[in-house]
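Throughout, numbering of the chain's residues begins at 1 and tracks the sequence. Counting starts at 1 for both ligands and their atoms, in listed order.
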Amino acid sequence: MKNFFDFLVSYSKRYGFIFPSNEIYGGINAVYDYGQYGVELKNNIKKYWWESMTQVHENIIGMDSSILTDINVWKASGHLKKFNELLIDNKDSKKRYRPDILIENYVKKNFSKNLEKKNKILSRLYYSLNKKDFLDIKKLINQLQISDPDNGSKNWTNIHFFNMMFKIKYIENLFLRPETAQNIYCNFNNIKKSNRINIPFGVAQIGKSFRNEIVARQFLFRLREFEQMEMQFFISPKKEEENKWYNYWKKMRLKWHLELNLGKDKYKLYNHQNLAHYANLGVDIQFKFPFGFKELEGIHSRRDFDLKQHEVFSKKKLRIVENKNNYRPYVIETSLGLDRMFLSVLSSTLSKEKLENGNDRIILKLPFYLSPVKAAIFPLVNKNELSKLAKKIFNDLKIEYKVEYDSKSSIGKLYRRQDAIGTPLCFTVDYETINTNTVTVRYRDSMKQERIHIKKISKKIEEITSMKNILKNISSNID
Ligand code: GAP
């Protein structure tokens with residue numbers, strides 16, 4: 001797995017998916033840039049999420065709010081006081097760790113077969129976390145003789161809290177948001193007044209969030225600057241409605257992931273032991289990343305925690321008015337990290353395959369509608385007549401699809417490159433094209449080839465790469 005992970009990181013850079021940010025100056029820890037194919041894949045994931053939310057659901061609207069946020073928003077939301085992580089430093093290595101993760105990793109490594117011992121240690125950890133008994137957590141680290149994974153030292157500091165929000169240093173009272181949700185709550189009255197929408201309704205948003213993560217490792221998994229795709233669903237404030245919509249969104253979100261066909265066994269639901277300060281119910285959709293099952297998406301019932309807090313702090317009413325009654329709605333939230341989603345897709349579709357002739361090919365078996373490039377067009381040889389014709393086909397297609405024209409290598413090498421970036425279809429113009437107006441189409445996964453008429457190319461791309469069918473499947477599950 002370590003080998004695969006190293007391969008994934010170097011592949012991502014070599015093929016223009018992910019670059020370390022500011023690399024020429026040494027890079028920034030846990031901040032990455034998306035290269036030419038990375039940004040296309042990311043945009044396609046966004047499109048799948050956005051259209052599943054705002055097009056397929058007639059009662060979900062979109063918005064895009066500011067990243068800079070007033071301190072009062074975070075006072076009200078509780079993030080200023082409660083959005084903290086535990087921190088422990090190793091005095092010798094000068095490295096920082098989350099003590100709960102140190103203990104969890106230690107237990108996983110040493111007691112994976114001794115369930116009784118494993119559960120005993122983890123129960124004590126979670127009990128002490130709940131009670132905020134940091135002395136006991138430190139005691140546990142000492143008793144288990146946990147050492148720094150980096151240099152083996154057991155010379156630990158005491159455990160303390162660390163707020164994860166980024167404050168803007170030179171502008172008073174502004175923070176970079178650590179979640180996109182709050183500006184939807186702050187805009188509640190604007191949204192209500194500008195839309196003829198009734199409860200239940202949702203507001204979806206995709207945007208950057210920032211967290212000063214202590215343990216920012218594992219590539220795109222835990223970043224300091226990342227993107228979230230969040231949806232706040234406003235419902236009637238009743239327990240039955242809360243259960244109904246919480247279960248509905250749990251089911252819908254899992255369905256959305258499963259439609260990608262990355263493997264049913266790659267997903268697990270995990271009910272939270274330690275709920276976030278704003279949540280009444282919480283479940284994670286976990287994904288089998290190369291380093292094990294980890295949280296991909298969170299679904300929470302936030303009830304009216306946030307609207308109530310904003311009412312207190314802003315002194316504005318944030319309510320639904322119905323037949324002379326007014327009430328604060330409950331909220332069910334779905335929150336998916338876009339970069340984590342990107343990592344889940346990339347890591348589970350990338351592989352090396354042995355070919356019949358003994359050579360290897362790198363192949364990215366992306367769902368076709370997510371592929372950065374939908375089709376590539378090549379001339380069999382880079383001769384004027386063939387390349388002119390291939391270029392014309394490319395120019396006609398590029399208005400509708402993200403396609404590539406390439407003539408710089410032999411046809412075998414051109415196929416290999418497109419396989420490696422996940423392109424579903426390659427069309428080759430050869431001498432027969434001149435007489436018959438047909439090209440060969442070559443399929444990524446089977447590598448099979450057939451001839452089709454030039455006029456049918458566009459329809460073929462549409463048939464294979466369109467998102468329509470998958471959106472129809474999502475739509476068929478809406479009550
Ligand atoms: N609004 C609720 C909220 O932010 P969260 O569980 O803290 O809940 C939601 O985050 C999702 O955002 C996570 O499931 C994960 O996919 C993503 N996420 C959170 N922190 C992240 C980080 N440091 N780097 C990358 N993605 C992150």
>> Using the rule given for side-chain contact (heavy atoms from CB on, under 4.5 Å), can you reason through Ile362 versus Asp419, listing the C-alpha separation, both sets of side-chain angles and the distance that settles it, and then say yes or no?
In response: CA-CA 7 Å; Ile362 296 177; Asp419 288 345; over 6 Å; no
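With respect to the salt-bridge test (charged N to carboxylate O, under 4.0 angstrom), the residues Glu213 and Arg96 do not qualify.
Contacts of Gln182 with ligand 1, taken as heavy-atom pairs under 4.0 Å, are absent altogether.
Those atoms of ligand 1 with a heavy atom of Gly298 less than 4.0 angstrom away are 14 (O). Taking every non-hydrogen atom of Glu179 and a distance limit under 4.0 Å, the qualifying atoms of ligand 1 come out as 1 (N), 2 (C), 3 (C), 4 (O). Each of the atoms 1 (N), 2 (C), 3 (C), 4 (O) of ligand 1 lies under 4.0 Å from some heavy atom of Glu230. The atoms of ligand 1 that sit less than 4.0 Å from any heavy atom of Glu333 are 1 (N), 2 (C). The atoms of ligand 1 that sit less than 4.0 Å from any heavy atom of Glu213 are 20 (N), 22 (C), 23 (N). Interface of Phe221 with ligand 1, defined as ligand atoms under 4.0 Å from a residue heavy atom, comprises 24 (N), 25 (C), 26 (N). Atoms of ligand 1 found under 4.0 Å from any heavy atom of His300, numbered from 1 in the order shown, are 2 (C), 8 (O). Of all atoms in ligand 1, numbered sequentially from 1 with element shown, those under 4.0 Å from a heavy atom of Tyr278 are 2 (C), 3 (C), 8 (O).
Here the rule is salt bridge (Lys or Arg N to Asp or Glu O under 4.0 Å) with Glu297, and of Arg253, Arg340, Lys268 only Arg253 fits it. Between His57 and the choices Trp49, Trp249, Trp50, the ring-ring contact (aromatic ring centres under 6.0 Å, His included) rule is met once, by Trp249.
With hydrogens left out, the protein atom closest to atom 9 (C) of ligand 1 is Ser335 OG, 2.9 Å, a heavy atom.
In this structure, Lys352 is positioned above the aromatic face of Phe7, its NZ or CZ under 6.0 Å from the six-membered ring centre and within 45° of the axis. The cationic atom of Lys167 (NZ for Lys, CZ for Arg) lies less than 6.0 Å from the six-membered ring centre of Phe175 and within 45° of the ring axis. Cation-pi geometry between Lys42 and Tyr34 is satisfied (NZ or CZ under 6.0 Å from the ring centre, within 45° of the ring normal).
The option with the heavy atom closest to atom 14 (O) of ligand 1, from among Arg211, Glu225, Glu295, is Glu295.
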